[in-house]
Amino acid sequence: MAGKNFYLTTTLPYVNADPHIGFALEIVQADIVARYRRLMGDDVFFNTGTDEHGVKIYRKALDEDKDPQIYVNEYAAKFRRLKQLLGLYPDLYFIRTTDPHHRVAAQEFWKRCAEAGDIEKKIYKTKYCIGCELEKTDSELIDSRCPIHPNLEIEFREEENYFFKFSKYQKPLLELYANRPDFVIPDFRFNEIKKFVGAGLEDFSISRLKEKMPWGIPVPGDEDHIMFVWFDALINYVSTLGWPEDRPKFEQFWGTVENPNALQMAGKDNLRQQAAMWQAMLMSAGLPPTKQILIHGFITSGGQKMSKSLGNVIDPVVIIEEYGTDALRYFLARHVSPFEDSDFTMERFKEAYNSDLANGLGNLVARILQMSSRYLTTTPKIPDLKDLNEIQKFVTTFEFSQAMVHLWFRMKYLDGLIQEQRTFEVVKTNRIAGKKQLKYLLEQLAEIAVLLEPFMPDTSKKITEAIIANKKPENLFPRKE
RNA sequence: AGCGGGGUGGAGCAGUAGUAGCUCGUCAGGCUCAUAACCUGAAGGUCGCGGGUGCAAAUCCCGCCCCCGCAACCA
């Protein structure tokens, strides 16, 4: 059976800070799915990258006295390192919104929306704090005043911007939702976006005056404006496929109106952008919608939102340096909910590491291979993941932790079996019976290793190699005190 | 105001009507192949509060309390 074409993408992190654990969660979840599909024989296109335009980046670059391009180059390199650090799919595609092709694609996308009559100039009202000399959004204000300068009145300023006719797409969006019961997962997020769209939509601004903020993609046919950052950023999901020139590749992976094929991963803060705004933009440009959007929760730290001022930020790189890539991947898959918010503390991480990985998987591998290397002369064939479809249901519903629970249940069974059969004793008193037991244990271990591959590719490889060599491997997960 | 999520033994979670389950931790016993790992058993919960429907409710309905997030042009 020929594999299917499979497309999935993460959101692109905005490069005004170092990679944090929340993005690690998103991309590891995506990577598990991508690896699983690949192992099942599908033709996979897996996209991530960096979102590099906009006023925040522009200001930060100026603050650091750097050219914005140089500033984003440095950050893009940091995010690119995640591929090695997190053990990501080798053919992962990494797009940057400053890539020349992306700029061309974004302009083409704009033109198509404009031709559809969905882009028009309107007056955009901004709230401006004279003290900060900055525009403010409502959420930055307290009682309509700037919290930093509560004595000053907020000024209202007006400028002419391009707007996207979001309101026009209320009905089409609701129809899309009605026709596609699995469009957004989990269902409570789907309900949330249905309610939001059902309540009515306002057109939104999609450009900024170049004289105020030049760091972005020029609006086609108007030298005075640049695109507002996320209008251009969203387009990466199709520009990464070579759209608009490479029509065959685009249809192969993004799909068609009749058969949409793209899976998107995003955090709950991105629900509106991905499930409503981006879908409206696609409709406007005459492109197929996304097939499905998975919305994950946030990782909190000690019950609170992570923030630099609280000093509770979890740095994935630090964890990887101490515990290794697969330990982090395991924790994200097993102990972090794919849908709800989850708390992450180093205490819990270490606990899970010691009990599940050191005492569980690592120890089981050591005890079985120690015996098999002494008493067995043949080793079992390593099975193919395609022939072991027991985790399929968990991966297709994104219940990663259930997949882990299932595999750890199998490990616990083997630990119990060794004790109950007293394999370590039988192997000395009754060679034939002992060998038979060991052979079974090794076969079971090989299956577990293969099933682990999408989640913990490096560990999976170490175990299968140890089985083939019939040699006890180096300590996979040394206990941490 | 509104919207969404949550409140289950010490900790983290599962459980959408029919004897309350898992992991970690704690305590007791066992084993020795293994990373002082592994196995068995035990203690520990009036399932946030109050009311209702049902033969039966953590699970459905109503009211209330508490925690977290969102509240659109901020990715």
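Below, chain A is the first sequence line, B the second, and so on; all start at residue 1.
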Distance under 6.0 Å and angle within 45° of the ring axis: does [X] meet both against [Y]?
X         : Y         : answer
Lys60(A)  : Tyr58(A)  : no
Lys78(A)  : Tyr75(A)  : yes
Arg272(A) : Phe196(A) : yes
Lys121(A) : Phe163(A) : no

When rounded to the nearest Å, what value does the distance between [atom1] atoms of [N] and [M] take?
N      : M      : atom1 : result
A14(B) : C74(B) : P     : 36 Å
G7(B)  : C60(B) : P     : 12 Å
A11(B) : U53(B) : P     : 34 Å
G5(B)  : C73(B) : C1'   : 25 Å
C61(B) : A20(B) : P     : 22 Å
A37(B) : G44(B) : C1'   : 26 Å
G12(B) : U16(B) : C1'   : 22 Å
G15(B) : C22(B) : C1'   : 10 Å

Classify the ring geometry between Tyr323(A) and Phe349(A) as parallel (under 30°), tilted (30 to 60°) or perpendicular (over 60°).
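Rings of Tyr323(A) and Phe349(A): perpendicular, as their planes differ by over 60°.
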
Using atom [atom1] of [X] as one end and atom [atom2] of [N] as the other, report the distance to the nearest whole Å.
X         : N      : atom1 : atom2 : value
Gln170(A) : A72(B) : CD    : C1'   : 15 Å
Ile206(A) : A75(B) : CD1   : C1'   : 16 Å
Asp187(A) : G4(B)  : CG    : C1'   : 12 Å
Phe298(A) : G69(B) : CZ    : P     : 10 Å
Glu481(A) : A37(B) : CD    : C1'   : 11 Å
Asp343(A) : A11(B) : CG    : C1'   : 11 Å
Gln402(A) : C22(B) : CD    : C1'   : 10 Å
Phe163(A) : A72(B) : CZ    : C1'   : 12 Å

G4(B) phosphate, OP1 or OP2: any side-chain N/O from Lys195(A) under 4.0 angstrom?
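Answer yes for this pair, as a side-chain N or O of Lys195(A) is under 4.0 Å from OP1 or OP2.
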
Which sits closer to the 5' end of RNA chain B, Arg189(A) or Asp341(A), going by the nucleotide each is nearest to?
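Nearest-nucleotide comparison on RNA chain B picks Arg189(A).
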
When the nearest nucleotide of RNA chain B is assigned to Asp356(A) and to Val55(A) on a heavy-atom basis, which residue is associated with the more 5' position?
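So the residue in question is Asp356(A).
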
If you take the centroid of each ring, where Trp contributes its six-membered ring, are [Y] and [X] closer together than 6.0 Å?
X         : Y         : answer
Phe409(A) : Tyr413(A) : no
Phe204(A) : Trp230(A) : yes
Tyr330(A) : Trp408(A) : yes

Using the glycosidic torsion, which applies to G7(B): syn (within 90° of 0) or anti (everything else)?
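For G7(B), whose glycosidic angle is more than 90° from 0, the conformation is anti.
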
Tell me what [X] touches on the nucleic acid: a base, only sugar-phosphate, or nothing, going by heavy atoms under 4.0 Å.
X         : result
Lys412(A) : sugar-phosphate
Glu420(A) : nothing
Phe196(A) : base

Ion pair present between Lys194(A) and Glu192(A), side-chain N to carboxylate O less than 4.0 angstrom?
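Result for this pair is no, no salt bridge flagged.
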
Starting from Watson-Crick (N1-N3 plus N6-O4 or O6-N4) and G-U wobble pairs under 3.5 Å, report the runs of at least three that RNA chain B belongs to.
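Stem segments, range with range: B:2-7 with B:65-70, B:10-13 with B:21-24, B:26-30 with B:38-42, B:48-52 with B:60-64.
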
State, yes or no, whether a side-chain contact exists between Arg208(A) and Val229(A) at a heavy-atom distance under 4.5 Å.
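SC-SC contact between Arg208(A) and Val229(A) ruled out.
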
Do you see a donor-acceptor pair shorter than 3.5 Å between the side chains of Gln437(A) and Thr423(A)?
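Thr423(A) and Gln437(A) do have a side-chain donor-acceptor pair below 3.5 Å.
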
How does each nucleotide of nucleotides 25-35 of chain B score, in 5' to 3' order, for protein heavy atoms under 4.0 Å: base (B), sugar-phosphate only (S), or none (-)?
-----BSSBBB

